[in-house]
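Just below is one structure, and these are the notes that go with it.
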Amino acid sequence: MAAAVRISLLVLLLLGPGGWGQAEPPRDSLREELVITPLPSGDVAATFQFRTRWESGGGQPWGQGVSHYRLFPKALGQLISKYSLRELHLSLTQGFWRTRYWGTPFLQAPSGAELWAWFQDTVTDVDESWKELSNVLSGIFCASLNFIDSTNTVTPTASFKPLGLANGTDHSFLRYAVLPREVVCTENLTPWKKLLPCSSKAGLSVLLKADRLFHTSYHSQAVHIRPVCRNAHCTSVSWELRQTLSVVFDAFVTGQGKKDWSLFRMFSRTLTEPCPLASESRVYVDITSYGQDNETLEVYPPPLTTYQDVILGSRKTYAVYDLLDAAVVSNSRSLNVQLKWKRPPENGYIHYQPAQDRMQPHLLEMLIQLPANSVTKVSIQFERALLKWTEYTPDPNHGFYVSPSVLSALVPSVVAAKPADWEESPLFNSLFPVSDSSSYFVRLYTEPLLVSLPTPDFSMPYNVVCLTCTVVAVCYGSFYNLLTRTFQIEEPRKGGLARRLANLIRRARGVPLL
Amino acid sequence: MGLLSDPVRRRALARLVLRLNAPLCVLSYVAGIAWFLALAFPPLTQRTYMSENAMGSTMVEEQFAGGDRARSLARDFAAHRRKSGALPVAWLERTMRSVGLEVYTQSFSRKLPFPDETHERYMVSGINVYGILRAPRAASTESLVLTVPCGPDSTNSQAVGLMLALAAHFRGQIYWAKDIIFLVTEHDLLGTEAWLEAYHDVNVTGMQSSPLQGRAGAIQAAVALELSSDVVTSLDVAVEGLNGQLPNLDLLNLFQTFCQKGGLLCTLQGKLQPQDWTSIDGPLQSVQTLLLMVLQQASGRPHGAHGLFLRYRVEALTLRGINSFRQYKYDLVAVGKALEGMFRKLNHLLERLHQSFFFYLLPALSRFVSIGLYMPAAGFLLLVLGLKALELWMQLHEAGVGPEEAGGTSGSSPPHPPTQGVGLASLMAPLLVSQAMGLAVYILPVLGQHVAAQHFPVAEAEAVVLTLLAIYAAGLALPHNTHWVVSTQAPDRGWMALKLVALIYLALQLACITLTNFSLGFLLAASMVPAAAVTKPSGPRPLYAALLVLTSPAATLLGSLFLWRELQEAPLSLAEGWQLFLAALAQGVLEHHTYGSLLFPLLALGLYPCWLLFWNVLFWK
């Protein structure tokens, strides 16, 4: 192992200068990072982040009309220019991040597919662009994003601010949609991996083996595109593509009750060489509870450096492996931030946009300040309505899914973080922009809700309806007849034809009839 | 319909109905009873079959081998329970956490409307403990429940042990697509009710409970387990739920599949499946099973903790381990394997169980009668009421038209509207008075229990039952007291009109009951219809009175109790029967208040007033 570290270090040293010459500063750059966090429940979370920066278009701020691609995937670059995107966030998730047991995530995503995008203010028809965008993305990521339409798209006004550089936030350029039923599988992972400059050939991405990643309790992969400052003075803008992938390994099942883990046991791969295109490639292992608990914690190989910072409101220590290698760590305990709410306060911002049936969904946004250690319950009263007869699901149906709700919060930090250089800090700490050091941003999602309608076997009611209609149609007239009329016996008339003829003649003569 | 619009033929038909009314009624009644008994015989019973695709064809291999673990957990549980005298919550939490579940507790309390003497409880407070096995890569949208109700009289420690051992085994498997909730409830059904209400965030029975911290989406199916011995000779399955609701037949089929696969001895209503259907013995035995099921379903009480799940449209059943004197015994591994198989197949479900029957009767575990085949039995019984009502209608009609219409001479004047001469006002009084009597039976016993307990040397529970019976019996004196309001013009037509109204009222009620709970409807129809049909204020009045009293709702309940114990081969003596009857009344009232069982209000507010109308008819002056 140690030998491998040294060799690959050497490789990087050799490749580093050779990769992109000394003459001009690196135009595009790739940073990759893996954070391994032993969770309070004993499970292990692994978060991959790959950041590709694209120094597009020289002086042009929004990278219009640029066609030179080096590390940045062309498919996404063209997407940005074609639909005039300002930001794009797509996540595909299977499973549910259990905050109570796993602690606060770096980046949570709702179960299923979530897509939100900010368009530039030059876009005239946002809805049209949004529709086309979701269809294109559906093709790129082999996901059913083409099912996004007006019925599940909303325009939030308070949440989902731009994460990148933004001048002005006019919410009419924001679109947000969730497909809770979307299932994530290998076919979505493969195109996601293909966007990486090294694909899955070298670097951290060799760990991305589908059979292990889909053998986990939680799997979430995401793509975030946003504009960021190119330098500290923000004189020019470059595009940033972040590809993140979080998985949670069930230590209980895989470890036969023991909480030890190793990279090989989790991914059935070890790291051998870095991605030659990467300017930085690191593995962080959370060793915060080192020496605090009775359970001892040993990382093997011993880390060369450690990194300390305030992450999500508490001080954490990470063992840093500058690129590669397996480490063996046993259990650790870390923070478990719990959020409990009580009674919504009187003043706050409430934005409610009622649904139009089959046109747009309900949107309820509330900006509330929560007292500490309280429980808040938000309940919504609704009326039941009947579906149109064509809208009933086919007989083998699973029910209707209601999208998870979103909670975005600025949580006061227990420990004050020292202002760090944004560019230098690890990737897992720099996705959400932080205004000051006294608080940190979290976004949490609730579980989706499965509502099963009490629909019976539909062939039966149709039969019943047909039969009842027939019976009613046949019987109703007769019964109505019977009930509303009175019947009398009339004497049969005698002399039918002759009498009628005689009457005819009498009527012609004007004499009383017979 | 042309038949009816032709006056001549209509008159002929009317005469036929009038003349042949009695034989037709008898024939219809006999046909109804005979049809019902024939339900146990092969052409009307069908073999059960699995309808649900996801559970049918796929095979699963059961690997559960934690018999020893289950036994030691059961011993620990029993020891802790003895030590603490209540549910050992801390031990359960610790054990569940150690097998890798997310553990939550829920505390609840409930003050019963009056002390429950059967279970010896009044102010109840307890704690439910449940652990959730989270399915990997699932967003907690669906779940299955395995519940063990622990009560003061049923410790169920082996069930708790087996459940925990199963949880440990399940936790190590990777194939779960639905979360599994392992629930231990205290105070058996009260705890289950509290948990279910909190899970669905409703409050229907006035239960006070803390909100649940952990949820796992829509519950797809639930299995309740009751085991009180380390070995069992057979497993009994109970399906009847609250108000006679039944789970989807596929759930029962699933249980039966694993009974057969594991070679387990499985019983229904404590009766073994008849072996040969060719001779008379098989069907006779299945008649007994069928009658037991009908009695059980008609009672409307949940026959196990599963019965409360059915209200929330969660398919559920109860498995009960029976340890009798039979030679061959099965250990916990066999039971655990059957449960493992069931949960694995339920895990395969892609949609809610909906394919198979929801309305059925079971003459044996592997035979069922579908709703289309058993409904005619009740239909025939209700036809008697219809025929009688028709006869009365025609008699009233002809009495109003007068002799010249009956003589068949041509009359130019239209026939009078029939009941106009009777006057609805004279009917209103008995109707209102008997309905008020029903209301008194419904409200007063519970409301006046303290007053009664103060003035008489009885406990509250006894006071409720005795007040109930007293008001019930007081209703019998009504006809003598209501006559001063009833005008006595046209006395004959008065009782006819009243009986007509009563017949239609009874027929409507029974039809509605039959649609929702066939067993109850059929039992009530079989007992009440003959007396209702023959009652009239002339003829052998004492005989009619005796018949009416014997078929009143309360007497039907008493008779059903005797029949039930007779079929269970534990016959009752008269004194025991009376005690059981009093206990059943108290339970009925209590279950209405604690679980929302509908039998008591149905009898008190619907059928008892209706029966009083017939009593009024009998003593019409």
Side-chain angles (χ1 to χ4, degrees), chain A residues 41-42 93-96 98 100-101 110-112 180-181 183-184 214-219 247-254 256-257 375 377 379 393 395-399 401-402 404 445 447-457 474-475 477-479 481-482 485-491, chain B residues 1-8 10-11 51-54 97-102 104 132-143 168 171-174 176 178-179 201 211 213-220 313 349-352 354-358 408-415 417:
Chain A
S41 66
T93 308
Q94 183 140 34
F96 180 69
R98 307 197 182 279
R100 178 189 291 263
Y101 281 83
S111 181
R181 246 203 113 159
V183 176
V184 186
F214 289 102
H215 203 130
T216 50
S217 298
Y218 175 79
H219 173 106
V247 285
V248 175
F249 289 92
D250 189 345
F252 195 91
V253 171
T254 51
Q256 281 90 42
V375 177
K377 191 165 163 183
S379 58
T393 47
D395 215 14
N397 81 82
H398 203 216
Y401 279 80
V402 178
Y445 294 86
E447 302 145 3
L449 178 68
L450 176 63
V451 182
S452 28
L453 288 190
T455 45
D457 182 353
V474 169
C475 293
S478 319
F479 271 113
N481 207 355
L482 272 177
R485 277 199 212 173
T486 54
F487 294 93
Q488 295 176 39
I489 297 175
E490 196 175 292
E491 285 174 52
Chain B
M1 292 300 143
L3 198 66
L4 290 180
S5 40
D6 180 346
V8 182
R10 192 172 165 185
R11 205 175 299 137
S51 302
E52 177 62 58
N53 236 347
R97 208 162 274 138
S98 74
V99 301
L101 304 182
E102 276 185 41
Y104 304 93
I132 304 179
L133 192 168
R134 295 291 184 188
R137 289 185 313 291
S140 293
T141 50
E142 294 170 291
S143 58
R171 184 64 179 86
Q173 309 305 317
I174 52 161
W176 299 113
K178 299 175 172 50
D179 290 3
D201 206 6
Q213 295 296 319
R215 279 199 175 72
I219 305 174
Q220 303 292 305
R313 192 147 153 24
L349 278 184
L350 290 175
E351 61 239 38
R352 230 165 230 274
H354 70 281
Q355 303 254 15
S356 196
F357 293 86
F358 284 99
T409 52
S410 61
S412 56
S413 65

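Just so we're on the same page: letters track the sequence lines, and every chain starts at 1.
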* Asked: Pick from B:E142, B:R352, B:R134: which one has the most heavy-atom pairs with chain A under 4.5 Å?
  -> B:R134
* B:T141 and A:P448: which non-hydrogen atoms are nearest, and at how many Å? -> CG2-O, 3.6 Å
* **Side chain / backbone / both / neither for A:R98 at chain B, heavy atoms under 4.5 Å** => side chain
* Looking at CZ of A:F96 and CG of B:D179, how far apart are the two atoms once the value is rounded to the nearest 0.5 Å? -> 10.5 Å
* Asked: Does any N or O in the side chain of B:R137 come within less than 3.5 Å of the main-chain N or O of A:F214, such that one atom is a donor and the other an acceptor?
  -> yes
* Sequence-distant partners of B:A168, side-chain contact (heavy atoms from CB on, under 4.5 Å), two or more places apart -> B:R69, B:V99
* Asked: For the atom pair CZ (B:R215) and CD (A:E447), what is the distance rounded to the nearest 0.5 Å?
  -> 9.0 Å
* For the residue pair A:S111 and B:A139, what are the closest heavy atoms and their distance? -> OG-CB, 3.0 Å
